[in-house]
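Written out below as structure tokens is the structure these notes cover.
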Amino acid sequence: MAIVYVLNGPNLNLLGTREPEIYGHDTLDDIAGQLEDRARELGLEVDIRQSNHEGHLVDWLHEAQAHDAKAVLLNAGAFTHTSIAVHDAIKAIRTPVIEIHLSNPHIRESFRHVSYVGRAARGTIAGFGALSYLLALEAAARF
Ligand code: CA2
């Protein structure tokens, strides 16, 4: 069965506990459940991970290619706006990466307007809360 990696960056383990007006009420476990349900319907397997450490995201992007993943859905959190290492890792693999965000960074603070992830990703889905993850899975299913 084709596998899709879903990688989450810093602070996303705290989702659902604060700032629901920006990020919604769903926890990362809630989103994982929704992704697993939809993946089953699509005949896909999802491997969902979160880390607060930049290097873990780099290692997991490499691993996705080594394991011949169909796609990576990546919410790199604040590393989106800072990490050339994550940008380079996306460029270094052939596996298509879809950038996702719960919020729409373009209508927030100016420091969120730059995305090093977006400059390397196949495409971006942002601003739809937990639905951003499900829309990205729909796209990945069609790769
Ligand atoms: O909208 C997104 O998905 C973001 O990637 C979320 C990141 C933010 O730095 C990006 O600009 C956009 C932050 C995630 C922080 O998660 C929180 C969880 C609980 C309480 C507060 C923040």
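Just so you know, these numbers use all the heavy atoms, side chains as well, and skip hydrogens, waters and symmetry mates. Both counts, for ligands and for their atoms, begin at 1 and track the order of listing. From a predicted model like this one, the values you see are computed outputs, not experimental measurements.
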*Can you tell me which residues line ligand 1 if we count any heavy atom under 4.0 angstrom from one of its atoms, in chain and number order?*
Asn11, Leu12, Leu14, Leu15, Arg18, Glu19, Tyr23, Asn75, Gly77, Ala78, His81, His101, Leu102, Ser103, Arg112

*Quick one: pull up CG in Leu74 and NE2 in His101 and give me the separation to the nearest 0.5 Å.*
8.0 Å

*Taking atom types as modelled, is there a side-chain donor on Gln50 or Asn52 under 3.5 Å from an acceptor on the other?*
yes

*Is any side-chain heavy atom of Leu102 closer than 4.5 Å to a side-chain heavy atom of Leu12?*
yes

*Would Glu99 and Ser115 count as having a side-chain donor-acceptor pair, cut-off 3.5 Å?*
yes

_Minimum heavy-atom separation for Ile93 and Val97, please, with both atom names._
CD1-CG2, 4.1 Å

*Check whether the side chains of Asn75 and Tyr133 place a donor and an acceptor atom closer than 3.5 Å, and report yes or no.*
yes

